[in-house]
There are 2 protein chains.
Amino acid sequence: MSTRRETVRQALNESTGFRSAQDLYADLRSEGSKIGLTTVYRALQALSDSGEIDVLRTDDGEAVYRACITDTHHHHLVCRTCGKAVEVEGPQVERWADAVGAQHGFTDITHTVEVFGTCAACASGE
Amino acid sequence: MSTRRETVRQALNESTGFRSAQDLYADLRSEGSKIGLTTVYRALQALSDSGEIDVLRTDDGEAVYRACITDTHHHHLVCRTCGKAVEVEGPQVERWADAVGAQHGFTDITHTVEVFGTCAACASGE
DNA sequence: GAGAAAACGAAAACGATTGTCAAAACTGGC
DNA sequence: GCCAGTTTTGACAATCGTTTTCGTTTTCTC
């Protein structure tokens with residue numbers, strides 16, 4: 001639909017890692033785009049609402065986004081230095097989360113699971 | 001050491017759930033304390049630095065804190081309605097996270113795992 | 001007690017995000 | 001092609017949690 005949303009989606013696709021809104025905005029501007037920061041936020045919001053992109057929070061509370069390849073439920077292994085992310089699955093973790101919830105009488109269980117580390121490239125570069 | 005830090009620690013102890021800094025501040029003020037917001041933040045920072053309390057981020061990026069009973073590494077099952085939290089362990093999840101990290105050449109693996117649900121009390125109350 | 005160091009708190013500063021609003025781009029009907 | 005109405009956009013201001021700054025007060029330490 002909107003051209004701008006496509007622009008943002010594409011900018012996200014060009015990265016393997018999680019990117020912040022401000023970050024994407026800076027990139028697009030430096031590429032010569034006249035896009036506004038508000039629009040970047042709106043596009044990211046729309047994309048994440050429709051489930052097309054994944055969102056998570058960094059330790060300092062900033063929201064970061066990623067266009068994931070896998071459609072199904074998955075988690076991420078994220079490099080804490082360069083932000084590069086790998087999509088991973090963990091059926092056993094899903095089962096564990098559900099079991100733990102049920103065991104304590106909780107219903108409607110969801111979970112957040114992210115693994116952080118230093119990727120091989122960043123480890124050797126230091 | 002500091003009286004104020006003790007005050008904050010105690011306020012946290014009185015709750016079973018995760019609380020935000022603003023929230024704790026409001027509580028303390030309404031109890032008649034003359035504590036400042038800055039001090040609440042400083043106390044929470046200090047307590048979390050020393051590992052005495054656990055921190056996590058809500059979906060909207062707010063930091064919430066909890067005084068946990070368990071000293072060892074653990075995770076939380078949190079009610080998304082009332083915020084009540086139960087401390088849970090998942091050795092299999094720890095192993096999974098480490099394995100996944102190693103498998104992709106990542107080092108220095110850490111992970112965040114939180115389970116959300118609706119607790120029995122909140123489910124029946126609706 | 002005196003003087004130095006640590007803790008406090010009010011107010012200002014900050015940074016990410018959201019709201020406002022007028023201008024610009026797109027619509028379908030003529 | 002052109003108009004009225006809707007949608008999208010972007011500059012700017014506002015918000016909100018959090019951090020800094022900077023006097024002031026309290027707490028050691030001798």
Side-chain angles (χ1 to χ4, degrees), chain A residues 1-12 15 17-67 78 80 83 85 112 114, chain B residues 1-12 15 17-67 78 80 83 85 112 114:
Chain A
M1 187 143 298
S2 107
T3 303
R4 291 312 198 180
R5 188 182 304 183
E6 274 314 315
T7 308
V8 172
R9 193 206 310 269
Q10 206 170 317
L12 261 186
S15 166
F18 279 89
R19 313 288 306 280
S20 74
Q22 307 275 351
D23 199 12
L24 284 166
Y25 171 67
D27 271 18
L28 288 168
R29 293 294 284 206
S30 77
E31 283 171 14
S33 168
K34 292 277 186 281
I35 198 168
L37 182 54
T38 311
T39 308
V40 174
Y41 274 105
R42 268 191 294 240
L44 290 170
Q45 187 81 55
L47 288 168
S48 94
D49 281 354
S50 72
E52 293 174 73
I53 61 176
D54 284 7
V55 198
L56 59 85
R57 295 267 169 188
T58 62
D59 278 347
D60 55 321
E62 199 179 7
V64 287
Y65 305 84
R66 183 173 196 270
V78 187
R80 72 168 67 79
T112 66
E114 308 299 336
Chain B
M1 187 144 299
S2 109
T3 304
R4 293 309 198 180
R5 187 183 305 186
E6 273 315 315
T7 308
V8 172
R9 193 204 311 266
Q10 207 170 313
L12 261 187
S15 167
F18 279 88
R19 313 286 308 281
S20 74
Q22 308 274 350
D23 199 13
L24 284 166
Y25 171 67
D27 271 18
L28 290 169
R29 294 293 285 207
S30 78
E31 282 171 16
S33 168
K34 292 275 185 283
I35 197 170
L37 183 54
T38 310
T39 308
V40 173
Y41 274 105
R42 267 191 293 241
L44 289 170
Q45 188 80 56
L47 288 167
S48 93
D49 281 354
S50 72
E52 292 174 73
I53 62 177
D54 283 7
V55 198
L56 58 86
R57 295 267 170 186
T58 63
D59 278 346
D60 55 317
E62 200 179 7
V64 288
Y65 305 83
R66 182 174 196 270
V78 186
R80 72 168 68 78
T112 66
E114 308 300 336

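Taking every heavy atom of both residues into account, B:Y25 and B:G36 meet most closely at CE1-C, 3.7 Å. Closest non-hydrogen pair, A:K34 versus A:R4, comes out as C-NH2, 4.2 Å. Residues B:D54 and B:F18 approach most closely at O-CE2, 3.9 Å, considering heavy atoms. Heavy-atom minimum distance, B:A67 versus B:I53: CA-CG2, 4.1 Å.
Taking 4.0 angstrom as the limit, A:T38 places none of its side-chain polar atoms (N or O) nearer than this to OP1 or OP2 of D:dG10.
Here the P atom of nucleotide C:dG9 and the NZ atom of B:K34 are 11 Å apart, to the nearest Å. In this entry the distance linking OH of B:Y25 with C1' of D:dT19 reads 15 Å, nearest Å. Atom CG of B:D49 and atom P of D:dT19 are 11 Å apart (whole Å). In this entry the distance linking CD1 of A:I35 with P of C:dA24 reads 18 Å, nearest Å. A straight line from CZ of A:R5 to P of D:dG10 spans 14 Å, rounded to a whole angstrom. Rounded to whole Å, the distance from CZ on B:R19 to P on D:dT18 is 14 Å. As a whole-Å value, the separation of B:L44 CG from D:dG17 P is 14 Å.
B:D27 has a carboxylate O that lies under 4.0 Å from a charged side-chain N of B:R19, or vice versa, which qualifies the two as a salt bridge.
Remark: the A:R42 side chain and the C:dG19 base include no donor-acceptor N/O pair separated by less than 3.5 Å.
Picking from C:dC8, D:dT9, D:dT20 the nucleotide with the shortest atom distance to the side chain of B:R4 gives C:dC8.
Side-chain contact between A:L44 and A:L12 is present, with heavy atoms from C-beta onward closer than 4.5 Å. Using a 4.5 Å heavy-atom threshold, the side chains of B:D59 and A:R57 count as separate. At a threshold of 4.5 Å between non-hydrogen side-chain atoms, the residues A:I35 and A:V8 count as touching.
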Review point. Could you write nucleotides 12-17 of chain C as a row of B, S and -, 5' to 3', where a protein heavy atom under 4.0 Å of any base atom gives B, of only sugar-phosphate atoms gives S, and otherwise -?
Key: ----SB

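Atom CD of A:E52 has more than 12 heavy atoms from other residues, nucleotides or ligands within 6.0 Å.
For the helix from C:dG1-D:dC30 to C:dC30-D:dG1, the terminal axes (five pairs an end, C1' atoms, rotation from four pairs onto the next four) enclose an angle of 30°, given to 10 degrees.
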